[in-house]
Amino acid sequence: MPSTAPRTSNDILARGLRVLGAGIREQKAIFAVAVAGGALFGGMTVASAFVLGGVTTRTILPAFAAGRTTAGALAGAALAILGVALVKVVGIVGRRVGAGTMQYRLQASYRRRITRQYLTLPLSWHQRHPTGTLLSNANADVESTWYPIAPLPFACGAVVMLGITVVALVRTDPALSVVGLVVFPAVFTLNFVYSRRMSPRMTHAQQLRAEVSGVAHESFDGALVVKTLGREQEETDRFRRQAVELRDAMVRVGRLRGTFDPMMEALPTFGTLAVLLVGTMRLRSGAATVGDLVSVAYLFTVLALPVRAIGWVLGDLPRAVVGWDRVQRVLRASGGQAYGDRVLPARSEPARLSVDQVTFGYAEGAPPVLIGVGFDVAPGSTVAVVGPTGSGKSTLVTLLVRLVDPQSGSVLLDGADLRELSRGGVSDHTAIVSQATFLFDDTVRGNVTLGADMSDEQVWRALAVAQADRFVRALPDGLATRVGERGTSLSGGQRQRIALARALARRPRLLVLDDATSSVDPAVEAAILRGLRSADLHATVVVVAYRRSTIALADEVVFLERGRVLGRGSHQDLLATTPGYARLVLAYEEAEQERRRNRAALAAGGRGRAGKPPAKAAAKAGEPDGGADADGAAEGAA
Ligand code: ADP
Ligand code: MG
């Protein structure tokens with residue numbers, strides 16, 4: 001570690017050194033190798049200067065004096081220079097291999113730790129952290145944390161070298177050493193000033209670079225919106241503003257570098273000139289020899305680079321501290337879910353689900369989203385959760401599969417609190433399908449199996465229950481058809497059915513559908529629910545539903561409003577006893593009919609507008625977005 005670092009009171013410097021210390025502690029052995037290499041290099045660099053001085057004294061000067069020399073003397077001189085150079089090479093190799101290995105090992109290790117942490121952190125944490133941040137934490141931040149590791153052994157070697165040099169200079173000639181004692185600190189100070197002034201500019205530029213790519217990313221992602229609403233010019237302007245800012249920032253970086261670089265190159269050169277000047281005077285007075293002068297002058301020319309390595313380390317420290325802090329924020333994030341050690345026996349029959357007095361809020365102090373919610377679902381039965389938008393339905397279903405934990409109350413699967421189950425114990429028995437389906441840029445088969453070992457027959461069975469087998473069979477390559485990025489080559493309803501098949505293929509004992517068939521035609525949706533009961537993939541089902549036809553298929557309905565259960569029972573009972581429920585279902589019904597009328601008008605070539613907004617009543621009641629597929633309707637009817 002550069003012990004010459006000045007002003008330990010400097011916060012960034014102290015914290016930066018602590019970061020380096022943490023890295024060194026993790027990679028002690030390889031760091032030792034790298035530093036040994038660096039020290040060897042430093043020592044040999046100084047040695048090479050004195051070998052050159054010695055060769056001058058013993059071989060070159062006598063040769064000039066005698067007017068001739070011997071092959072043996074020349075060979076001896078060459079061997080001495082070569083020998084030192086070879087040892088130096090060993091040092092360089094050790095240092096570079098060591099530093100590289102250390103840097104990449106640390107990066108790999110921290111990337112792994114971060115991604116592992118992402119996997120353990122609960123959904124609630126992920127909801128607060130955008131994808132872009134997760135990516136930069138795992139990549140750019142880890143990289144910048146270990147940036148100064150690469151030049152660190154070099155810098156350590158430079159410190160060793162400076163120490164030897166100063167001692168050697170004083171012993172050679174005190175007068176010459178004065179030049180060194182002026183020039184080295186000057187190079188060092190200049191470096192330090194440079195690093196301090198450079199790093200905020202660099203950090204700023206780094207930030208801007210992330211922003212530029214963020215803007216580009218968003219524009220490409222929203223290409224459809226940009227194009228359809230004619231926002232190309234605005235997007236271009238937005239991008240230009242960011243790009244110009246980045247350009248200016250980089251120009252400022254370049255200006256600073258342009259000013260400092262020549263100074264940094266010039267200082268040791270002036271040092272050499274000063275050595276020659278002082279040296280010739282000392283020669284004349286007989287206080288120094290030509291050999292001494294050659295050694296010292298050479299030293300000055302080779303010392304400049306290693307001394308700059310110290311500057312590289314110092315210059316990268318602020319970035320390392322910022323990166324380290326961001327990485328630690330993830331690694332120290334609490335809210336990781338604790339797991340018990342209970343394992344539910346592997347069974348194929350449907351699970352029993354109990355929700356007991358569950359209260360949940362997204363943030364501390366914020367009003368709870370679910371208040372004392374409780375209901376039981378008998379094995380193999382279907383419960384529909386019905387409620388207006390924002391009543392807490394999606395929140396409730398995430399609790400059922402333990403994506404989040406309740407603040408009070410509990411969710412029990414076959415009588416076991418989800419929190420007592422071992423890691424992976426919940427997902428072994430449950431599956432959730434949400435409205436926002438995500439398909440990978442893979443084949444239909446790959447999207448259903450997600451890499452699990454399944455036979456084609458199993459895949460087809462799941463597709464059949466999800467009412468997706470017919471359209472998959474009609475695809476050009478059947479199961480092997482690629483669906484494109486996010487499944488763009490499929491319709492919304494088709495994507496939803498493949499996502500459903502994905503859940504079914506895992507043979508969950510509890511299947512949770514959060515508005516997962518909203519883009520599927522009602523007839524197909526009903527066929528799916530009926531199929532779930534008769535198929536061998538029989539599961540206990542909790543379904544967030546809107547359509548009367550779907551709700552009517554449920555054994556029981558849980559009516560949720562503002563986070564409370566306002567009614568439970570059969571659809572008919574609730575219609576009679578709970579006015580809010582009746583109003584809501586009626587509003588959905590009207591919206592559904594309106595949509596059907598529109599589609600009929602469209603099919604008849606009438607004036608029905610595509611993408612007509614949903615009926616007013618439904619908008620108020622909270623109609624889910626997205627119309628059903630026409631293809632689904634055709635299949636359902638078939
Ligand atoms: P529903 O699915 O019934 O429409 P949600 O469960 O999605 O309702 O939302 C219930 C309430 O919780 C809403 O008021 C919503 O604003 C809030 N909410 C949902 N998700 C989050 C979140 N990630 N962070 C904070 N509040 C949320
Ligand atoms: Mg919802």
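One-based numbering, in listed order, for ligands and for the atoms of each. Keep in mind that the numbers below use all heavy atoms, side chains included, and drop hydrogens, waters and symmetry copies. Positions are given from 1 along the sequence.
- Among the backbone and side-chain atoms of Ser394, an N/O/S atom is found under 2.8 Å from the Mg ion (ligand 2).
- Within the model, atoms CD1 of Ile528 and CG of Leu513 stand 8.5 Å from one another, a figure rounded to the nearest 0.5 Å.
- Here the CD1 atom belonging to Ile551 is positioned 4.5 Å from the OH atom belonging to Tyr581, to the nearest 0.5 angstrom.
- Checking Arg111 against Thr115 by side-chain atom types alone, no donor-acceptor pair falls below 3.5 Å.
- Within 4.0 Å of ligand 1, protein heavy atoms come from Gln127, Tyr362, Val369, Pro388, Thr389, Gly390, Ser391, Gly392, Lys393, Ser394, Thr395.
- Results of the salt bridge (Lys or Arg N to Asp or Glu O under 4.0 Å) test with Arg548 over Glu590, Glu589, Glu525 single out Glu589 as the only residue that passes.
- Between Leu560 and Pro388, the shortest heavy-atom contact is O-CD, 3.4 Å.
- Residues Leu490 and Leu475 meet the side-chain proximity criterion, which asks for heavy atoms closer than 4.5 Å.
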